[in-house]
Trainee: 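Sharing a structure with you now.
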Amino acid sequence: MTRLVAVSATLVLAMTTISVGPAAADDICSPRSIGVSDATQFEGGFFPAEITFTVTSVGCAGGTVQFATGADPGGAMPMAEPGLDYTPVFGEFSWLPGETTNHTVVVDIVSDYGIEPDEVFTLELFNPIGLVIVDPIGLGTIRNDDVTITPLGKPHCLESYLSCRLSVLVSEPAPVDLTIHFATQNGTATAESDYTGISNGELTIPAGASTAELSIPIRDDREVEGDEYFYVHLYAPSNGKITQDQVAMGIVDDD
């Protein structure tokens, strides 16, 4: 008798699963796009001024870009002159993959005291490698803040008033406080005998104001004498140009 035996075989398939976790996903950077901001700054006076552009980026891929000042922006506003109105700059920025840093470009403004209109120049981004420029030009505006500073009249002060005042006028209100230094000098009047001498006084015209007044103490000596005078010198304004730097201050004897 023949016996049939059924043999059952089991096939086992080994499968390997590869998972993509967060660490692997982080290695995939989105393209980086960059742009440069516009910037505005007042010209400044005795103190240096700077205008700052910001280069921002979005994305995480690495790359480089070059920058330089000086392109003509066109339009109606006059062009600032490199070397005369600002100091030209050029250079290169780079980003590593994953870096989120924004960069800044600082341009020195060359101050002067000419009354002139606002002027413009540009900061341009170019030659990108590994990134995309979405805003290639930043407009820099140099706001003219030069003003003329003028003393008003030739004051004549009664000796018994105990002070002699001088008003100072600016051609237009300044956006910040404006300071002017002053000093006295003998004429026919003598310091500490007829008036109080001042070697380094300071007058402040507040932001938004167009005039201020300085005061020199007068000494009433009770003696009968002729009229006398001394001088006030104006110098070193924080901004603007002084149109008349010396004023005669009269002391009228009323004894």
Side-chain angles (χ1 to χ4, degrees), residues 25-148 170-178 207-208 237-241:
D26 286 345
D27 292 336
I28 303 173
C29 266
S30 59
R32 186 184 299 273
S33 59
I34 65 169
V36 59
S37 68
D38 296 334
T40 299
Q41 181 59 273
F42 287 98
E43 186 179 53
F46 276 90
F47 306 102
E50 299 173 338
I51 187 167
T52 301
F53 298 88
T54 301
V55 179
T56 57
S57 74
V58 177
C60 64
T64 62
V65 69
Q66 292 179 305
F67 64 86
T69 53
D72 187 346
M77 294 185 68
M79 180 76 175
E81 293 291 335
L84 295 178
D85 298 306
Y86 68 94
T87 302
V89 299
F90 62 90
E92 181 178 281
F93 287 134
S94 62
W95 288 265
L96 296 173
E99 185 179 356
T100 59
T101 304
N102 292 330
H103 295 289
T104 57
V105 178
V106 178
V107 179
D108 291 330
I109 296 175
V110 180
S111 299
D112 60 48
Y113 294 100
I115 305 301
E116 57 191 348
D118 296 344
E119 298 170 312
V120 294
F121 67 100
T122 57
L123 180 74
E124 183 178 3
L125 304 179
F126 57 94
N127 288 345
I129 298 176
L131 45 76
V132 176
I133 301 175
V134 295
D135 189 353
I137 296 177
L139 181 67
T141 303
I142 301 175
R143 295 286 304 277
N144 177 69
D145 55 359
D146 294 319
V147 295
T148 55
V170 294
S171 56
E172 60 182 88
V176 296
D177 288 354
L178 189 153
S238 60
N239 197 9
K241 182 178 181 180

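One is the number of the first residue; the rest follow in order along the sequence.
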Trainee: Residues two or more places apart in sequence or in another chain: which of them pass side-chain contact (heavy atoms from CB on, under 4.5 Å) with Pro78?
Mentor: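 Pro117, Glu119.
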Trainee: Could you give me the CA-CA distance, side-chain angles and deciding distance for Thr122 and Leu139, then say whether side-chain contact (heavy atoms from CB on, under 4.5 Å) is met?
Mentor: CA-CA 5 Å; Thr122 57; Leu139 181 67; 4.3 Å; yes
Trainee: Thr101 and Glu99: side-chain donor and acceptor closer than 3.5 Å?
Mentor: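 Yes - a donor-acceptor pair under 3.5 Å links their side chains.
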Trainee: Taking the side chain as C-beta and beyond, is there a heavy-atom pair between Thr141 and Asp38 under 4.5 Å?
Mentor: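 Heavy-atom side-chain distance check fails, nothing below 4.5 Å.
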Trainee: Pairs under 3.5 angstrom only: tabulate donor-acceptor contacts from the side chains of residues 49-68 to other protein residues two or more places apart or in another chain.
Mentor:
unit_1: Ser57; atom_1: OG; unit_2: Arg32; atom_2: NH1; d: 3.0
unit_1: Gln66; atom_1: OE1; unit_2: Asn127; atom_2: ND2; d: 2.5

Trainee: How long is the span from the CD1 atom in Ile109 to the CD1 atom in Ile142, to the nearest 0.5 Å?
Mentor: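 Answer rounded to 0.5 Å: 5.0 Å.
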Trainee: So, for Tyr86 and Ala80, which heavy atoms are closest and what is the spacing to 0.1 Å?
Mentor: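 So the minimum-distance heavy-atom pair works out to CE2-O, 3.7 Å.
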Trainee: Heavy-atom distance under 4.5 Å between the side chains of Phe93 and Leu125, does that happen here?
Mentor: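 Not in contact.
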Trainee: Is the number of heavy atoms from other residues, nucleotides or ligands under 6.0 Å of Phe90 CZ greater than 12?
Mentor: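 No, the 6.0 Å shell around CZ holds no more than 12 heavy atoms from other groups.
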Trainee: What distance separates Trp95 CH2 from Ile34 CD1, expressed to the nearest 0.5 Å?
Mentor: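 If I round to the nearest 0.5 Å, the distance is 4.5 Å.
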Trainee: Which distance, rounded to the nearest 0.5 Å, do you find between the CD of Glu124 and the CD1 of Ile133?
Mentor: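 With rounding to 0.5 Å, CD (Glu124) is 8.5 Å from CD1 (Ile133).
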